[in-house]
Amino acid sequence: MLKSLQSSITLPPKRRGVYLVTDKIESKIAINSGILNIFLKHTSASLAINESYDSSVRVDVESFLNSLIPDGWRGFTHTLEGDDDMSAHMKNIFVGSSLTIPIVNGKLALGTWQGVYFLEHRDFANSREILITQIGE
Amino acid sequence: MLKSLQSSITLPPKRRGVYLVTDKIESKIAINSGILNIFLKHTSASLAINESYDSSVRVDVESFLNSLIPDGWRGFTHTLEGDDDMSAHMKNIFVGSSLTIPIVNGKLALGTWQGVYFLEHRDFANSREILITQIGE
Amino acid sequence: MLKSLQSSITLPPKRRGVYLVTDKIESKIAINSGILNIFLKHTSASLAINESYDSSVRVDVESFLNSLIPDGWRGFTHTLEGDDDMSAHMKNIFVGSSLTIPIVNGKLALGTWQGVYFLEHRDFANSREILITQIGE
């Protein structure tokens, strides 16, 4: 018999950068098999899955994002909240707010090198809320 | 007892640009809690979640996409359908065709500033079809 | 009565490029209606949905990705595994590891021109594993 369960995680304020949150997500698992959806309720931060072993990957993801989508890009008109605001929204358009990951044997079915990234795009952000929905048995 | 429900929305033809469709999605909600998947059946338009309050964000998303992925990029070989065709496919690769959003208390569990964007990438498109699948109770 | 089913696909090693895998996914469908989640357990390859008819679109997606996210980008520090390693991770951040597609009448509810792409970002990769989770009836 399938069930649907919801819970939430609040991340304390973080500086701009890329952080691993795999452990925080795994601590909420309450089904044995099915899917787990992670939804970030913000438009200036993102969620992604990538290499969890070598922290230099997280450094490089941050550098490349900042280079491709520069703060204060000449074409932006939404500038009242600072040079890092519209670039943050644009990064979120590309990286995304939501992940759906399979659960197998009560664990996230990630590959050997995969981890869940939280990407804070603002220099000085408030806390961030993540909603977790599990559907399975 | 969980259930699975499907319905569809047809968006009338729109010019290239970024549009809010949150209300259209919400009008289809028929469960109290679970997840809602929104699937766009096209390869030259996209779905995303971002800032819904200030329309200048939608203008800037459009400008930045057009700058990063230019129409008629010199390397494109798929050019028979016009300069805005392959750039539209490429935008869709980056932005995506599908969103999965939690439902809580019979509503999309969006953050305060989040809305659902429909991004039309072609200059002169036909109508677009969105399929909605809800799983929950 | 809803059920949740899981299965996997192993893709043999492929050279860098964009491949259609729609048929491989469809061969695993075992429900009539609901959703199907496709999850790639790797950080140097991606999944996307795009134009399936004209193979020139797949060629152009590959060219544009390589141009936008160059191998050996000057800012990368994660370089031990070769010039195509960190660029591969970055492409995966943008394109993504997971797709959720509706199932209608026992088939992927794709639009007329949509197909499922597997994007191999490494020059010489090993085999790749995809996990499929179906929830529906």
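Letters go in sequence order (proteins before strands), and every chain restarts at 1.
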Peer 1: Non-hydrogen atoms of chain B under 4.5 Å away: do they reach the side chain of Leu5(A), the backbone, both or neither?
Peer 2: neither

Peer 1: Which atoms of Leu68(B) are under 4.5 Å from chain A, going by heavy atoms: the side chain, the backbone, both sets, or neither?
Peer 2: side chain

Peer 1: How long is the straight-line distance from CD1 of Ile101(B) back to OG of Ser97(A), given to the nearest 0.5 Å?
Peer 2: 9.0 Å

Peer 1: Using a 6.0 Å cut-off, check whether atom NZ of Lys14(A) has over 12 heavy atoms from anything other than its own residue.
Peer 2: yes

Peer 1: Can you name the closest pair of heavy atoms from Ile103(B) and Gln6(A) and give their distance?
Peer 2: O-NE2, 3.1 Å

Peer 1: Find out whether Ser63(B) and Met86(A) are in side-chain contact, i.e. whether some heavy atom of one side chain is under 4.5 Å from a heavy atom of the other.
Peer 2: no

Peer 1: My understanding is that only one of Thr43(A), Asp85(A), Asn92(A) makes a side chain to side chain contact (heavy atoms under 4.5 Å, CB included) with Glu51(B); could you say which?
Peer 2: Thr43(A)

Peer 1: Under a 4.5 Å heavy-atom cutoff, which of Gly34(B), Ser55(B), Ser52(B), Gly136(B) has the most pairs with chain A?
Peer 2: Gly34(B)

Peer 1: So which of Val95(A), Leu40(A), Ile93(A) has the biggest tally of heavy-atom pairs under 4.5 Å with chain B?
Peer 2: Ile93(A)

Peer 1: Which one of Leu99(B), Leu110(B), Thr100(B), Ile35(B) satisfies the side chain to side chain contact (heavy atoms under 4.5 Å, CB included) criterion with Phe39(A)?
Peer 2: Leu110(B)

Peer 1: Quick check: do Leu2(A) and Ile135(B) have side-chain heavy atoms less than 4.5 Å from each other?
Peer 2: no

Peer 1: When heavy-atom pairs shorter than 4.5 Å are enumerated against chain B, which of Lys3(A), Met90(A), Met1(A), His42(A) gives the highest number?
Peer 2: Met90(A)

Peer 1: Taking side chain as everything from C-beta outward and backbone as N, CA, C, O, which of these in Gln114(B) sits under 4.5 Å from a heavy atom of chain A? Side chain, backbone, both or neither.
Peer 2: both

Peer 1: For chain A, which residues from residues 123-131 of chain B lie under 4.5 Å away (heavy-atom distances)?
Peer 2: none

Peer 1: Among the options Ser67(B), Ala109(B), Pro102(B), Gly111(B), pick out the one with the most heavy-atom pairs lying under 4.5 Å from chain A.
Peer 2: Pro102(B)

Peer 1: Name the region of Ala48(B), side chain, backbone, both or neither, that has any atom closer than 4.5 Å to a heavy atom of chain A.
Peer 2: side chain

Peer 1: Is a side-chain N or O of Asp60(B) found less than 3.5 angstrom from the main chain of Phe76(A), in a donor-acceptor match?
Peer 2: no

Peer 1: How long is the span from the CH2 atom in Trp113(B) to the NE2 atom in His89(A), to the nearest 0.5 Å?
Peer 2: 10.0 Å

